[in-house]
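Letters A, B, ... are given to chains in the order of the sequence lines, protein chains preceding strands, and every chain is numbered from 1. What you see below is based on every heavy atom in this structure, not just the backbone, and it leaves out hydrogens, waters and symmetry mates.
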Amino acid sequence: MSQYWILVAILLPILGGIGIPLLPFRKRKWMLTYIEIVVLLTSAVVVALLLGGKTEAFHVVRFVNDLSISFKIDGMTMVFAGLVAILWPLATLYAFEYMTHEEHEKSFFLFYTMTYGVTLGIAFASDMLSMYFFYELLTLVTVPLVMHTLKREAILAVRRYLYFSLGGAAFALMGMIFLMVYGETCEFTLGGVFSAEALAQHGQLLLWIYLFSFMGFGVKAAIVPTSGWLPQAGVAPTPVTALLHAVAVVNAGAFAIIRLTYYSFGTDFLQGTWVQNVCMVLAMFTIVYGCSRAVKETHIKRRLAWSTASNLSYIIFGATLMTPLGLVGALTHFVFHGFMKITAFFCAGSFMHQTGKKHIYEMNGMGKKMKIVFGTFAVASLGLMGVPGFAGFISKWNLTQAAVHSGNPTAYAGIVCLILSALLTAIYMLSVVCRAFFPATEETRGEPVGDPGWQMCLPMLICAVATVLLGLFSAPLIEFFRAIAHGML
Amino acid sequence: MLILSILFPVLLGLGILLKREFKCRKILLALTGVGLAVTAALGLAVAFGGETELLLFSFGKNLDIYFHVDHMGKLFAVVVNAVWVLSGFYAFEYMKHEQEETRFFGFYLMVHGILHGLVFSGGMVTFYLFYELMTLLSVPLILHNRSKDAIKGGLKYLFYSLFGAYMVLFGLFFLNRFSDSLAFLPGGTLNLGSIAGNETLMLVVAFSMIIGFSVKAGMFPLHAWLPTAHPVAPAPASAVMSGIIVKMGVLGMIRVVYYLVGADFIRGTWVQTLWMSLALLTVFMGSMLAYREKVMKKRLAYSTVSQASYILFGLSLLQPQAMTGALLHVVFHAVIKSCLFLSAGAIIYKTHKTNVDDLRGIGKEMPVTIWCFTFASAALIGIPPASGFISKWYLATGALSSGIGTFSWLGPVVLLTSALLTAGYLLPITIKGFLPGADYDYGSLQKKESNLTMLIPLLILAVLAVLLGIFPNLLTDYIAKITAAVL
């Protein structure tokens, strides 16, 4: 398949999204069909591209010398693009029903669909500049989605999101400049791009630069001290929180950090330095901090958002181990967490959509009325807790095995953090499940509430089934990640 | 057969839970009864069959669902089935005064299957899987009546247990790296080559796993869930919790210490010392708290805390005779404590009295129940020839011949003191029950004896509690085989 199809994959949803307000749809149904077709087509193109295997970089626009927008497909691309290609059509389907009770549907779907293309751009980018370009775009294109309701709290959330993200990007820009100056090439190369000479002369400086860029990209991955935007952004409609704030946007942060660490600065250079420990400790702290905040939170979406912050730092923790095994662990959680958390968010959204309530203490006995919703929520909870047989166990196992094998004492402490976080996860997830299925007092007989329609139930069920299947039959996928970590893909 | 003994009850239980509404209570009971009987038959058939191995499924490198029926597993399987079926039968009557029986029996059956998976598992990963499932599925048994206290008790049990499970998991991560395999092997599987230089780390790991499993076994400082969860649960659930689920923590500890880490590795280290101290402290503290407690089921729960630590103390000595005593106490305590809890349940069911002080004259009203209670008490105190005497004898002589300085004499002293306290907190119930005193109003006595569905399990358990002490040879011989293999 020609590489130019990458352009199709990126532009199709962007242009298709712009078409939504422009095309004259007679009925809502036609518009929805159009959107789903665009998204599905894009996914099909992406899947076909990924099946084609690894490609060389090709340049679309060349500014000066090395500076270009260019794309390629390698192992990391496959993981990220593959993940979003599976989840996007599902989340879009979910949004069709969810958005019936929200306003400004057209502008919502416009930006929602465009985000798909931008996210793919990040995945396909072959060097720092291209990734940076789409990374900034992602910030901008998701702004209207967060402030969708136009309420005061939404505006505040957007302001914070924007400041944090743009500030973070500025830090990341610093890293990019140093990469261009001292790197032998700008393209992502497993093992790093710096020349031996540059490393010898400017080692300490580059470590500082790494730390800055790490923090910069860490904003999107919600690392402490910049994790506050994520729960606040929960004011967005649930399809946004589910797909963007649990998978696409936050994973883009983690993805960028992996690109930065493994493909730009190089693990040989970073391993064993003070900066590795600093980053690891930051991730460890976020793991525990996110969980603790989640336990305290009674708003269901904010609780899940804090949980996301914590879980994203699992990925970062794996990445900062700076070993191939660490990367395997990070990628495992990268994918598995996506499926589990999107399931949980879908359930939370269904609860809010069906009842109009938002808080956990309002969930008493809902399990009996909304069997599918809370059944899948229970599956997601068990997955996030890491019960064997569910996806979360495999990713925790891989992460901790990597930590044990690294022999790094800080990593051992990280395992303690993971365990502590697992316990806190059990507390904040199971207390919800318990309340839903075994309420102390039955909710007063209000209007009858039931499961939502198939458009919301189907994505939920598919993701829940995936959580179980990934937990049971993960071996081929792990082999794939191992090949990536050893540079074979 | 093995797979069936796990899957059949789980599926049947699930079916009952999904069906939810039964037209007539008899159908539910018939289903549950047949389910329990078939499951027990399957489990016992596996237990009395030969030594079998089975690698069922592997969900990752080193992550195997692997079963291996060995002597230790068989011993536990017999205990599990005996107590589980009797308590289940008892529940047929007892659960009449609770609502939503379907849920209770559904989960009860499911946990029965999970327990088979637990006792027959041949590796730590499998064990951990079933251990987690047991925790999760047994929560609904505890919070059954959904009062505020019950839910609090259930959640406390859940979170304590999960905390323990995660401590185990922590150890598991390291064991996978530093041992040859995670399959149970008498004497341990540690790879001595690769742990060179990491001994301290491995000791920490072993300790964390011991503490992790001690949560279920109710060892100080993580015992607090027992007195909260037991009083709120329906009586059959409390009975199997004290009788069986607590013992699964013990089994986990045995598996870790004797089959993975190896007794030799921790002998003489701070891990052993700390373990012994905590166990002894718990023995004494549990008895003391039970002695001061006025709520009947809470008193029995504290008693479990104390008695389970007898077992743990026996295990911590890493000495064959003490271990024999510990395993004997596993069997005896399972029988005795479930008998005690079922008696307490019978009293609550008939009279709604939960406080010990209200039980004056109860022996006149429910003579058979209180006689069963008395026999079980005698066995728990260790009055010869009842069963508790035998296990305590082994524990004490094991401690004396262990040669571990202070503990070899301190242990027996504490055990004896605790036995006195046990007499102090159990016998007054019998005494006041039968001899309420001259000022008692005999006129108000009514005949309140429980009916046969509840009496038969009680009688069987009480008789077992005594008989096992009179004819212990079969058991001791069998257990000697186990201890010889691991020590």
Check the orientation of B:Phe67 and B:Phe130. Use parallel for under 30°, tilted for 30 to 60°, and perpendicular for over 60°.
tilted
B:Tyr259 vs B:Phe184 aromatic rings, parallel, tilted or perpendicular, using cut-offs 30° and 60°?
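Ring orientation, 0 to 90° scale: perpendicular.
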Give the member of B:Phe174, B:Phe59, B:Phe173 that has the highest number of heavy-atom pairs under 4.5 Å with chain A.
B:Phe173
Heavy-atom pairs under 4.5 Å with chain A: which of B:Leu155, B:Asn176, B:Leu143 has the most?
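Winner by heavy-atom pair count: B:Asn176.
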Crowding at NZ, A:Lys296 (>12 non-hydrogen neighbours, <6.0 Å):
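For A:Lys296, atom NZ is not crowded (no more than 12 foreign heavy atoms under 6.0 Å).
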Which region of B:Leu158, side chain (C-beta onward) or backbone (N, CA, C, O), has a non-hydrogen atom less than 4.5 Å from a non-hydrogen atom of chain A, or is it both or neither?
side chain
Applying a strict 4.5 Å limit to non-hydrogen atoms, the region of B:Leu129 in contact with chain A is both
Is A:Lys341 close enough and on-axis enough to A:Phe336, meaning under 6.0 Å and within 45°, for cation-pi?
no
Part of [X] within contact of chain B (heavy atom distance under 4.5 Å):
X	answer
A:Ile478	neither
A:Leu382	side chain
A:Ala475	neither

Judged by modelled atom types alone, do B:Ser147 and B:Lys152 share a side-chain donor-acceptor pair under 3.5 Å?
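Side-chain D/A pair, B:Ser147 to B:Lys152: absent.
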Between B:Tyr128 and B:Ser121: side-chain donor-acceptor atoms closer than 3.5 Å:
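No, no side-chain donor-acceptor pair sits under 3.5 Å.
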Between A:Ala426, A:Ala422, A:Gly389, which has the largest tally of heavy atom pairs under 4.5 Å with chain B?
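Of the candidates given, the most pairs with chain B belong to A:Ala422.
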